[in-house]
Enquirer: 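My questions will all concern the structure given below.
Computed from a predicted structure; not experimentally measured. Just so you know, ligand 1 is whichever comes first in the structure, and atom 1 is the first atom listed for that ligand. FYI, side chains are in, hydrogens and waters are out, and symmetry mates aren't considered; it's all heavy atoms of this structure.
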Amino acid sequence: MLNKKWPKHTLLAIAIIATWFKTYITYQTGFSITIDNVMQEAILFLSPLSLLLFLYGLSLFFKKQKNKNRYLLLMTLVTSIILYGNVAFYRFFSDFITLPVLFQTDNFGDLGSSAAATIYPTDLLYFSDFILLLAAVKFIKIQEDNKESRSSHRRAYFILSGAVLFLNLGLAEAERPQLLTRSFDREMLVKNLGMYNYHLYDIYVQSRSQAQRAFADGSELTDVHNYVRANQVEPSEEMFGIAEGKNLIVVTLESMQSFTINEQMNGQTITPFLNELTEDEDTVYFPNFYHQTGLGKTSDSEFLLENSLYPLSGGAVFFTHGGNTYNSMAEKLGNQGYATNVQHANNKSFWNRDMMYESLGIDEFLDIQSYSVGEGQAVNWGMKDIPFFEQSVAHMAEMPQPFYSRLITLTNHFPFTLDEEDKLIDEFDSNSGTLNRFFQTSRYLDEAVKELFDDLKEQGLYENSIIVMYGDHYGISENHNEAMAQYLGKEITPYESAQLQRVPFFVHIPGSGKGHVNEEIGGQVDMRPTILNLMGVESDTDMQFGSDLFSNERDEFAIFRDGRFVTDDYVYAGSTCYENGSGQPVEQELCVPFADQALTELNYSERVINGDLLRFYDEETGQLLDADQ
Ligand code: GP9
Ligand code: MN
């Protein structure tokens with residue numbers, strides 16, 4: 001059979017079909033893409049085709065068969081690398097690659113151990129189309145075609161490929177209106193446009209945002225300014241200035257989620273110390289507090305904390321806009337005479353922190369160089385939290401007061417590994433090792449926080465400080481829903497998934513007697529105004545989207561970075577409007593006004609960042625500056 005001469009475009013057909021089918025199978029196996037109906041499945045199936053027809057079809061412009069073959073081999077290799085790159089990235093981040101993260105090479109170095117753990121020999125299958133084509137080129141005899149295709153044939157071919165693209169876009173528009181204008185969710189883009197078109201779209205969006213800064217001017221800030229002023233609330237009189245002049249210690253609780261607080265796992269308490277704090281007379285605990293991070297994970301949470309702006313829908317703002325003008329909480333406290341710093345036992349370039357902290361006006365960054373990591377003091381990503389806290393508090397003892405010191409923990413990070421002696425509870429018993437270990441590392445982090453409090457007391461810093469703690473983002477992604485369902489004893493619907501985005505938020509003010517459990521619904525964007533008010537620092541002329549969680553005037557609202565949101569009545573998730581509390585789906589209309597507001601707010605925040613618009617704003621006076629200033 002191999003001696004028979006096959007039609008001249010056989011190799012092109014093999015390449016297209018092989019990559020097409022491989023891509024479709026990868027959608028099903030390499031990612032967890034949710035499909036709700038047959039139409040979505042059909043779009044998913046069709047989506048790789050248009051770009052493949054076009055890209056591979058360019059081989060028709062080559063004259064020599066040898067060059068046609070080489071070109072096709074190169075393209076199957078390139079598309080394989082793109083697809084596999086996404087699969088590997090997805091295993092780690094549960095997200096698709098977007099252009100700016102490719103420039104985050106520093107981070108990929110540090111991810112080494114975790115990334116290696118997610119590469120398998122069977123991954124070679126992601127290159128199966130390339131291998132197949134290689135074999136076909138070698139073994140199949142075709143009627144050699146050493147001339148350019150006839151232009152009329154080519155035209156017909158490319159019209160067909162264009163038609164497939166329009167069919168794809170038409171179906172996508174019907175299924176998901178405004179897909180390209182909203183584009184919060186990369187999964188939706190990949191699902192509807194296909195992986196390869198998605199990347200072209202991403203390249204377009206990213207280069208546009210570069211151009212946006214170049215062309216932005218101060219007038220774009222007017223709408224945002226009006227919106228921010230219109231939504232501003234008065235601070236709580238009772239709490240304003242309650243911590244004035246005290247040191248501010250903010251602790252980032254790596255991957256800590258609220259579902260562990262005041263709960264047990266197989267009869268064992270997960271966070272005994274934090275549980276105690278929820279009942280403590282000097283601690284306010286917010287159980288309905290949500291993370292609002294995107295792809296920038298920890299760094300996005302820092303961005304929300306410092307600026308009360310939302311991070312970006314694509315990429316990590318610490319990287320993409322590390323050089324912008326900001327009006328951070330650190331800078332503000334610095335102006336009040338505070339010494340400001342961040343302490344984190346990791347490389348300073350991770351998440352581009354060294355650059356970004358300069359833009360945020362943070363005086364000092366105590367990175368891994370400031371710590372001595374002794375024998376047995378490192379695990380997983382680096383220094384263990386307990387010695388980290390101990391040495392950080394020793395640093396604090398040397399700092400001029402008052403200070404604002406931010407501590408970023410690390411031990412409770414994927415893949416959640418611990419040394420035997422640090423395992424204070426057993427593993428859980430689900431099919432997800434990740435979730436099973438997560439309980440143990442959460443327990444360790446709880447222990448570390450307890451020791452932090454002791455260290456502060458020992459160094460005499462406790463009484464004169466306020467301690468704010470927040471969970472940065474989820475630790476357990478939706479890939480572990482089955483195991484989570486086993487733990488929670490209920491199915492993980494989109495409603496439940498949204499509720500699982502709750503992270504703990506604690507405000508501990510020694511000697512205040514203000515402790516209570518505060519049910520207010522809020523998110524990380526609200527930390528800056530809340531904290532500044534406690535410190536007695538006015539922020540009413542600042543460009544911030546959050547509001548004081550203690551204020552009686554504020555609306556209960558938490559907007560997720562991907563467009564989901566929670567109000568006291570509703571939860572919007574998975575394109576469905578649910579009643580908050582019962583989790584029952586309700587009429588879509590009920591969520592619409594909030595969805596519009598969420599979209600507006602996220603867009604405004606994005607506009608401020610992309611245009612670097614705060615360079616046109618004077619936060620002292622609340623005035624817009626002329627573009628040429
Ligand atoms: C890295 C640490 C963890 O320095 O903040 O980052 P994450 O992966 O959680 O964003
Ligand atoms: Mn983190």
Enquirer: Could you tell me which atoms of ligand 1, counted from 1 in the order shown, lie closer than 4.0 angstrom to a heavy atom of Leu410?
Expert: 2 (C)

Enquirer: Of all residues at least two apart in sequence or in a different chain, which pass the side chain to side chain donor-acceptor pair (under 3.5 Å) check with Thr26?
Expert: none

Enquirer: Any idea which atoms of ligand 1 are less than 4.0 Å away from a heavy-atom of Trp351?
Expert: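 In order of number, 6 (O), 7 (P), 10 (O).
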
Enquirer: Does Tyr198 have Lys191 sitting over its ring (NZ/CZ under 6.0 Å from centre, angle to axis within 45°)?
Expert: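 No, Lys191 and Tyr198 do not form such a contact.
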
Enquirer: Compute the shortest N/O to N/O distance between Trp381 and ligand 1 and return yes if it is under 3.5 Å, no if not.
Expert: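 Between Trp381 and ligand 1 (N or O atoms, distance only) the closest approach is not under 3.5 Å.
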
Enquirer: To the closest 0.5 Å, what do you measure between CE (Met399) and OH (Tyr338)?
Expert: 14.0 Å

Enquirer: Under 4.0 Å from a heavy atom of Glu254: give me the atoms of ligand 1 that qualify, with their elements.
Expert: 3 (C), 9 (O)

Enquirer: Salt bridge check: are Asp422 and Lys384 linked by an N-O gap of less than 4.0 Å?
Expert: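 Between Lys384 and Asp422 there is a salt bridge, with a charged N closer than 4.0 Å to a carboxylate O.
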
Enquirer: Please say whether Lys297 places an N or O atom under 3.5 Å from an N or O atom belonging to ligand 1.
Expert: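 So ligand 1 has no N or O lying under 3.5 Å from an N or O of Lys297.
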
Enquirer: List ligand 1 atoms under 4.0 Å from His473, heavy atoms only on the residue side.
Expert: 9 (O)

Enquirer: Is any protein N, O or S atom closer than 2.8 Å to the Mn ion (ligand 2), and if so, which?
Expert: Glu254 OE1, Glu254 OE2, Thr298 OG1, Asp472 OD2, His473 NE2

Enquirer: Could you work out, with side chain to side chain donor-acceptor pair (under 3.5 Å) as the rule, every residue matching Asp548, not counting sequence neighbours?
Expert: Asn533

Enquirer: May I ask you to say whether Glu306 pairs ionically with Arg406, meaning some side-chain N is under 4.0 Å from a carboxylate O?
Expert: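 Judged by the 4.0 Å cut-off on N to carboxylate O distance, Glu306 and Arg406 do form a salt bridge.
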
Enquirer: Given side chains that start at C-beta, do those of Phe416 and Ser255 come closer than 4.5 Å, heavy atoms only?
Expert: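 SC-SC contact between Phe416 and Ser255 confirmed.
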
Enquirer: With sequence neighbours left out, write down each residue that passes side chain to side chain donor-acceptor pair (under 3.5 Å) with Gln292, or none if nothing qualifies.
Expert: none

Enquirer: Would you compute the distance between atom CD1 of Ile249 and atom CG of Asn247 and round it to the nearest 0.5 angstrom?
Expert: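 Atom-to-atom, Ile249:CD1 and Asn247:CG are 6.0 Å apart.
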
Enquirer: Report the part of Thr298 in contact with ligand 1, treating N, CA, C, O as backbone and CB onward as side chain, heavy atoms under 4.0 Å; options are side chain, backbone, both, neither.
Expert: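 It is both parts that get close, each with some atom under 4.0 Å.
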
